[in-house]
**Student:** 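Just passing along the structure, written as structure tokens.
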Amino acid sequence: MTDDPPATPSERFASLAHETRLAIVRELGGPAEDGDGYVTVPFSALQDRVGVEDNGRFAYHLGKLRGTFVERTEEGYHLTRPGIDIYQAILAGAYSVREDLGPFDTDFSCLGDDCEGTLRCEYADDRFRLWCGGCEEVLVHYVLVAGCFGEDLPANLLETASKRIKRDMLSLHQGYCPYCAGSVEFRALGPTRSFRWSESTDVFRHDCTRCHWWMRTRASRAALVLPRVVAAFASEGVDLFEWPHWDARVDREEVVLSRDPLKINVRIRVEGVTRDVVLGPELEVESIEVPA
Ligand SMILES: [Zn+2]
Ligand SMILES: [Zn+2]
């Protein structure tokens with residue numbers, strides 16, 4: 001038995017709203033026996049796994065998912081693409097409530113020229129925050145979905161935040177929202193006070209035109225994820241993705257070469273490897289050179 005597939009988003013969400021249906025999605029999210037993709041499970045085996053004894057009741061709940069989140073084939077039931085999305089969102093903790101963590105002291109020190117404070121971090125209200133315990137400057141404040149970091153704290157939290165921020169930065173810079181697949185608008189906001197350097201440096205902003213996710217960055221931070229820059233350092237044996245951008249050992253210096261068109265030289269020094277990266281008005285790489 002099956003109902004007509006729900007047509008509208010609200011009907012689709014409503015069709016998920018039962019613990020048995022979410023249990024079905026979780027069961028069908030398991031790995032296929034041949035290791036290739038997700039399981040396909042016959043009706044009665046699925047019913048056993050979910051643990052509902054009443055055939056009619058189980059068929060009713062399964063029917064609610066069919067046509068949208070679950071599909072039937074000759075071998076049994078499996079997740080559709082939207083079903084996989086829901087399964088992944090459950091795993092990522094998108095619908096979970098995560099308790100606040102921290103604040104913790106970290107092994108990192110402040111990036112400010114005149115401050116020797118220790119960086120502190122916390123996870124509160126679904127946001128990762130990193131700030132200096134000395135001068136109180138906030139370095140990072142960013143939404144992280146719950147459930148995506150481990151128990152070794154604060155190391156796992158810092159690692160997850162760094163990876164997530166780099167991934168989002170790269171995706172947004174490529175014009176593709178990592179959350180809704182919308183297109184991204186890029187703007188130069190002009191020189192803005194920088195606590196790290198005595199002079200102001202240019203700030204840029206990426207905005208998703210669809211879901212309004214956004215991120216602000218400076219040229220010296222964006223440069224660390226640009227593929228040409230990453231490749232240049234990789235060829236010297238340095239993996240920039242291993243380094244969080246708040247690590248003072250990733251030394252960076254910005255110099256504006258011209259205002260119109262905007263051209264910024266970012267000198268990056270990591271593990272003894274130094275490169276001058278010239279970025280154009282859209283933060284595109286114009287050249288990468290070994291400093292003279
Ligand atoms: Zn400080
Ligand atoms: Zn978006």
Side-chain angles (χ1 to χ4, degrees), residues 9-10 12-13 81-82 84-86 88-95 102-146 148 154 157-158 160-189 192-201 203-218 220-222 225 243-254 282-283:
S10 64
R12 289 179 167 217
F13 281 117
R81 180 65 241 178
I84 293 169
D85 285 346
I86 295 297
Q88 289 172 327
I90 293 169
L91 289 194
Y95 306 119
F104 306 99
D105 276 335
T106 74
D107 296 332
F108 298 98
S109 40
C110 185
L111 300 178
D113 281 341
D114 304 322
C115 180
E116 298 190 344
T118 297
L119 298 187
R120 292 168 64 71
C121 72
E122 69 178 2
Y123 181 76
D125 299 328
D126 301 320
R127 283 161 176 78
F128 169 74
R129 202 164 143 263
L130 182 74
W131 73 98
C132 174
C135 66
E136 297 187 349
E137 184 75 32
V138 176
L139 281 79
V140 183
H141 193 212
Y142 197 65
V143 173
L144 283 186
V145 288
C148 58
L157 176 59
L158 288 161
T160 301
S162 175
K163 285 181 175 163
R164 175 63 67 134
I165 290 167
K166 281 181 192 290
R167 182 204 77 160
D168 288 4
M169 176 81 251
L170 177 61
S171 185
L172 289 165
H173 191 64
Q174 289 176 327
Y176 181 80
C177 175
Y179 295 94
C180 80
S183 62
V184 176
E185 187 182 86
F186 174 80
R187 282 180 295 154
L189 302 181
T192 307
R193 177 196 159 263
S194 164
F195 92 99
R196 183 173 182 184
W197 298 291
S198 48
E199 288 175 27
S200 293
T201 55
V203 170
F204 303 86
R205 184 171 159 138
H206 293 90
D207 282 274
C208 173
T209 59
R210 202 196 242 166
C211 76
H212 316 303
W213 194 270
W214 60 276
M215 197 185 249
R216 274 162 58 107
T217 187
R218 291 179 198 265
S220 55
R221 175 149 81 85
V225 300
W243 293 85
H245 71 265
W246 54 76
D247 195 318
R249 291 168 295 176
V250 184
D251 190 44
R252 286 159 285 164
E253 194 184 336
E254 294 183 32
E282 309 259 298
L283 293 182

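In each ligand, atom 1 is the first atom listed, and ligand 1 is the first ligand listed. When reading the values below, keep in mind they use all heavy atoms of this one structure, side chains included, and skip hydrogens, waters and symmetry mates. One-based numbering along the sequence shown.
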**Student:** Kindly report the SG-the Zn ion (ligand 1)-SG angle for Cys135 and Cys115 respectively, rounded to 10°.
**Tutor:** 120°

**Student:** Indicate whether any N or O donor in one side chain lies under 3.5 Å from an N or O acceptor in the other, for Glu185 and Thr209.
**Tutor:** no

**Student:** Assess the side chains of Thr201 and Arg218: does a donor N or O sit below 3.5 Å from an acceptor N or O?
**Tutor:** yes

**Student:** Cationic tip of Arg167 within the cone over Tyr179's six-membered ring, i.e. under 6.0 Å and within 45° of the normal?
**Tutor:** yes

**Student:** What angle, in degrees and rounded to 10°, do you get at the Zn ion (ligand 2) when you join it to SG of Cys208 and to SG of Cys177?
**Tutor:** 110°

**Student:** Around atom CG of Asp114, are there more than 12 heavy atoms of other residues, nucleotides or ligands at under 6.0 Å?
**Tutor:** no

**Student:** With a cut-off of 2.8 Å, does Cys211 put an N/O/S atom close enough to the Zn ion (ligand 2)?
**Tutor:** yes

